[in-house]
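To start, the structure itself, in structure tokens.
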Protein chains: 2
Amino acid sequence: MSFITDLQAVWSRHDSLLCVGLDPEPSRFPAVLADHPDPVFAFCKAIVDATAAHACAFKPQIAHFAALAAEDALERLIAYIHEAHPGIPVILDAKRGDIGSTAARYAVEAFDRYQADAVTLNPYLGRDSAEPFLERADKGVILLCHTSNPGAADLQDLDVGGRPLYQHVAKIIAESWNGHGNCALVTGATWPGQLGEVRTLVGDMPLLVPGIGAQGGDVAEVIRHGATADGTGLMISSSRAIIYAGQGEDYALAAGRAASDLKDQINAQRNSPAR
Amino acid sequence: MSFITDLQAVWSRHDSLLCVGLDPEPSRFPAVLADHPDPVFAFCKAIVDATAAHACAFKPQIAHFAALAAEDALERLIAYIHEAHPGIPVILDAKRGDIGSTAARYAVEAFDRYQADAVTLNPYLGRDSAEPFLERADKGVILLCHTSNPGAADLQDLDVGGRPLYQHVAKIIAESWNGHGNCALVTGATWPGQLGEVRTLVGDMPLLVPGIGAQGGDVAEVIRHGATADGTGLMISSSRAIIYAGQGEDYALAAGRAASDLKDQINAQRNSPAR
């Protein structure tokens, strides 16, 4: 099995395109965890168990663990997901990017230390910076293309020979970097037109789509512009709207409901005759 | 004091533009550390003490610590440098880049957890992704401009309205991102022409220059194209050629000699009448 085949299988098995982002912020944890000896792991584990049936992937954001010196909790969390929910891919959202021997060490960090199934990378340093990841054919390499933030336009929309930079990035990755068929792209929900342009350029390549909900991205637009002909091809990511859906003792239940609702909302659009 | 003023002071006090990169790889450690209980810290500490008099900065590369699950050693190492060698800035080479709340957590990682004086960032996500770092006016924000690897050309040399992308990056950072005067750029020694173009665009902004030695960059070319009028403006980075200069029990002494030699080689070019 590989990241891509696992993802395709779980899209079908869970009938879901929802990727649950894990961004632990202790200041937002429910009061019930206030005196817990291992709050980051406990919180994330409860969210994972409550949302797994509705998810096609989990995406821990490593900055949120690193700022807390909680690398150990992240290691245990990913091991727990693999054990308790086998077949759901874990994407380490790290946006790494470095050269040669250093890139090789980042690949060890993501794939060997953390046992992630996929990792997000920044393409600015060029193909050789991605090579130590690309050559791990069973792992997913998810490259930033058009991000969800307002500042995305600063560089990503610059005109490069009649084509914006993000489209150039999409093209070279699809045409040259994807020899092992293990690439995917990050394209923010807040830029649906650009999402559609990327889909046209990359065929059925999976797209990781952050930015729905709080950032303003619209599910209907994401499905309309980003889904493949068979209604898949997407990992639509939501973090805070799910994991902080509830503040009470039943916070995990609330997260499970939020994930189920968002999955249903996505599926309603997938099945819409207007699509 | 700030990163920039500390750097200017140490350029003068140590008469050095040499930045010592700390990339610990246990497989390359001298045999004398084979049974050491804390080898990563011990190795780096010995290198730091032996090279400090010749350095204008230290640059630990976080991937090399993360791949070893050695974050704790990195924390202690940076604290040690501040304590034993005050005034020598520590650059956390992390090449982070993410949006909004996540960028803020990476800033906490670099500046609060690790107590770095500066951090390297990737500009692909645009200005708002750098904002949580830029607003820390006492800290240095060192953005990738033209990296030292062969693949740098894949994106960084693309023509954007008559100007390569890396020059556009240099311009917007100098003109718009540098409101607190705390920005610097990464420009690889392997591309001396591009280094000169960047120097022309950014005035006296400091440039972090990797790629001399093993990667093929030439010290004379770096000084000729990159130094400011007063013969400073550069952090010329060398890692492996210094820290693995010796394999015996005197490895630290060998590293100190290699650093001293490289500093002298750089200074010979700074003082060359041909410059």
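Small disclaimer: the values here were computed from a predicted structure and weren't measured. A, B, ... follow the sequence lines: proteins, then strands. Residue 1 opens every chain.
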Under 4.5 Å from any heavy atom of chain A - which part of Pro123(B):
both

Do the side chains of Arg105(B) and Asp23(A) get nearer than 4.5 Å, heavy atoms only?
no

Ser101(B) side, atom OG; Glu25(A) side, atom CD - distance, nearest 0.5 Å
6.0 Å

With a 4.5 angstrom heavy-atom cut-off, which part of Ser148(B) approaches chain A: side chain, backbone, both or neither?
side chain

I want to check something: taking the side chain as every heavy atom from C-beta on, are Tyr106(B) and Gln61(A) in contact at a cut-off of under 4.5 Å?
yes

Hey, which of Leu68(B), Asp128(B), Leu144(B), Ile99(B) has the most heavy atom pairs under 4.5 Å with chain A?
Asp128(B)

Scored by heavy-atom pairs under 4.5 Å with chain A, the best of Glu109(B), Gln156(B), His168(B) is Gln156(B)

Inter-residue atom distance Ile62(A).CD1 - Thr102(B).OG1, 0.5 Å rounding
12.0 Å

Heavy-atom pairs under 4.5 Å with chain A are the metric here; pick the option from Asp154(B), Asp159(B), Asn122(B) that has the most.
Asn122(B)

Salt bridge present between Lys95(A) and Asp98(B) (N-O < 4.0 angstrom)
yes

Proximity breakdown for Phe111(A) and chain B, heavy-atom pairs closer than 4.5 Å:
neither

Tell me which of these, Asp93(B), Ile172(B), Asp72(B), Val160(B), has more heavy-atom pairs under 4.5 Å with chain A than the rest.
Val160(B)

To check you understand the geometry: which heavy-atom pair defines the closest contact between Ala66(A) and Arg113(B), and what is its length?
O-NH1, 2.9 Å

Looking at Thr147(B), Leu158(B), Val108(B), Leu125(B), which has the largest count of heavy-atom pairs under 4.5 Å with chain A?
Leu125(B)

Could you look at Glu131(B) and say if it's the side chain, the backbone, both or neither that has a heavy atom under 4.5 Å from chain A?
neither

Using modelled atom types only, decide if a donor and an acceptor are shared between the side chain of Asn149(A) and the backbone of Ser129(B) within a distance under 3.5 Å.
no

Interchain contact, Arg127(B) with chain A, by part (heavy-atom threshold 4.5 Å):
both

In terms of heavy-atom pairs under 4.5 Å with chain B, which of Ala153(A), Gly100(A), Gly126(A) leads?
Gly126(A)

If we only count heavy atoms from C-beta on, is the Leu155(A) to Val169(B) side-chain gap below 4.5 Å?
yes

For Arg240(B), look at atom CZ and say whether over 12 heavy atoms of other residues, nucleotides or ligands are found less than 6.0 Å away.
no

Roughly how far, to the nearest 0.5 Å, is the OH atom of Tyr124(A) from the NE2 atom of His146(B)?
8.0 Å

